[in-house]
Amino acid sequence: MPELPEVETVCRGLAMKMEGRVLTRVEQRRPNLRIPFPDRMVERLTGRRVVTIRRRAKYILIHLDDDQVLIVHLGMSGRMTIGQDLGPPAAHDHVLLTTDDGSDIRFNDARRFGLMAMTGADILDSHPLLASLGPEPLGNEFSAETLSRALKAKITPIKSALLDQTVVAGLGNIYVCEALFRAGISPTRIAATVAGRDAERLVPVIREVLTEAIAAGGSTLRDYVQASGELGYFQHSFSVYDREGQACPGCTCDISSTGGVQRIVQANRSTFYCPRRQR
DNA sequence: CTTTCGTCCTGACTGC
DNA sequence: TGCAGTCAGGACGAAA
């Protein structure tokens with residue numbers, strides 16, 4: 001499931017292949033993903049040159065030479081595959097792009113939680129999908145002060161607060177679990193109680209876990225493929241995520257007495273944590 | 001207003 | 001072996 005580091009990796013892969021290139025062929029193979037495709041998307045993309053590709057939260061922003069921006073979200077199962085002469089579309093290939101130097105770029109999304117939208121570059125930040133996003137966790141605006149301010153009035157668990165894209169933009173279930181583990185903060189803590197001292201510990205840890213994952217080229221558990229189209233998944237080692245019952249990497253005592261990593265459900269999502277190390 | 005919960009979707013996995 | 005049921009999850013929108 002692509003989170004910020006995976007989206008960053010995809011952006012970098014797409015940028016290498018697409019920036020400066022003209023989209024010579026565009027094919028849209030169904031009317032919608034989570035939402036309908038933009039009106040006349042094929043016509044609006046065909047013949048356009050890609051200027052830059054950037055990321056905001058988990059959105060891929062493809063800037064075109066007519067000052068339009070294609071907004072892409074990978075959702076849960078979305079992936080981009082890149083290659084030369086990829087042949088007939090695979091199952092769930094929904095959008096096919098070809099560049100003037102012969103690269104094929106395909107958006108594949110089995111579960112169709114992803115989306116595409118288009119808007120003008122000048123009004124990009126006020127687009128409904130982007131307008132209420134909080135600070136980038138790797139940006140200068142994200143600090144213990146801004147995080148504390150965002151958490152101060154929240155009575156929801158810190159786990160839920162960190163998944164709230166208005167608090168900080170781009171964290172998903174995996175990296176919230178991992179960051180809380182590294183910070184030694186229980187996911188069940190009321191968000192407001194994390195403001196202050198704990199937020200000072202949390203901010204660098206969030207940056208650290210994301211930076212490591214980006215450096216590793218993204219990570220996955222199931223169905224993520226790097227933008228380069230390379231075969232295989234990058235297997236990232238998580239401390240707690242999806243490790244229910246396994247030994248917590250920080251606890252040296254016998255797992256039979258600790259129970260290892262616990263799984264609980266918060267807001268209908270699995271949370272993994274170590275009750276001994278996270279308070 | 002804030003917070004929670006249902007919804008979209010398919011494939012991987014579990015258990016009978 | 002086959003098949004029904006469960007689960008996964010981002011983000012929106014409805015409900016509380």
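Every heavy atom of this structure was used, including side-chain atoms; hydrogens, water molecules and symmetry mates were not. The sequence lines fix the lettering, A, B, ..., with proteins before strands; numbering per chain opens at 1.
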Looking at Glu141(A), I want to see if its CD is surrounded by more than 12 non-hydrogen atoms of other residues, nucleotides or ligands under 6.0 Å.
no

Distance-only, no hydrogens or angles: does the [X] side chain make a donor-acceptor pair with backbone N or O of [Y] under 3.5 Å?
X	Y	result
Gln262(A)	Gly260(A)	yes
Gln165(A)	Leu171(A)	yes
Asp104(A)	Gly83(A)	no
Arg189(A)	Arg279(A)	yes

Base, sugar-phosphate alone, or nothing: which one does [X] contact when heavy atoms must sit under 4.0 Å apart?
X	result
Arg263(A)	sugar-phosphate
Leu115(A)	nothing
Ile35(A)	nothing

So is the aromatic ring of Phe113(A) stacked onto the base of dA11(C), judging by whether the centres are under 5.5 Å apart and the planes are under 30° apart?
no

If the cut-off is 4.0 Å, is [X] near the phosphate of [N], judged by side-chain N/O to OP1 or OP2?
X	N	result
His92(A)	dG11(B)	yes
Lys154(A)	dT2(B)	no
Thr156(A)	dT4(B)	yes
Arg34(A)	dA11(C)	no
Gln165(A)	dG10(C)	no

Output the rounded distance in Å from CD1 (Ile71(A)) to C1' (dG10(C)).
16 Å

Length of the line joining Arg111(A):CZ and dT10(B):P, which is rounded to integer Å
10 Å

I'd like to know if Met118(A) and Val72(A) are part of one continuous hydrophobic network [Ile/Leu/Val/Met/Phe/Trp/Tyr, side-chain heavy atoms within less than 4.5 Å].
yes

When you look at Ser186(A) and Tyr273(A), which way does the side chain to side chain contact (heavy atoms under 4.5 Å, CB included) test go after all the steps?
CA-CA 7 Å; Ser186(A) 168; Tyr273(A) 77 115; 4.2 Å; yes

Parallel, tilted or perpendicular: which describes the rings of His94(A) and Phe107(A), with under 30° parallel and over 60° perpendicular?
tilted

When the nearest nucleotide of DNA chain B is assigned to Ala153(A) and to Ala91(A) on a heavy-atom basis, which residue is associated with the more 5' position?
Ala153(A)

Any donor-acceptor N or O pair under 3.5 Å, side chains Gln68(A), Arg48(A):
no

Give me the bend of the helix from dT2(B)-dA16(C) to dC16(B)-dG2(C), using the axes of the five pairs at each end, rounded to 10°.
60°

Near DNA chain C, counting only heavy atoms under 4.0 Å, which residues of residues 265-274 of chain A show up?
Arg269(A), Ser270(A)

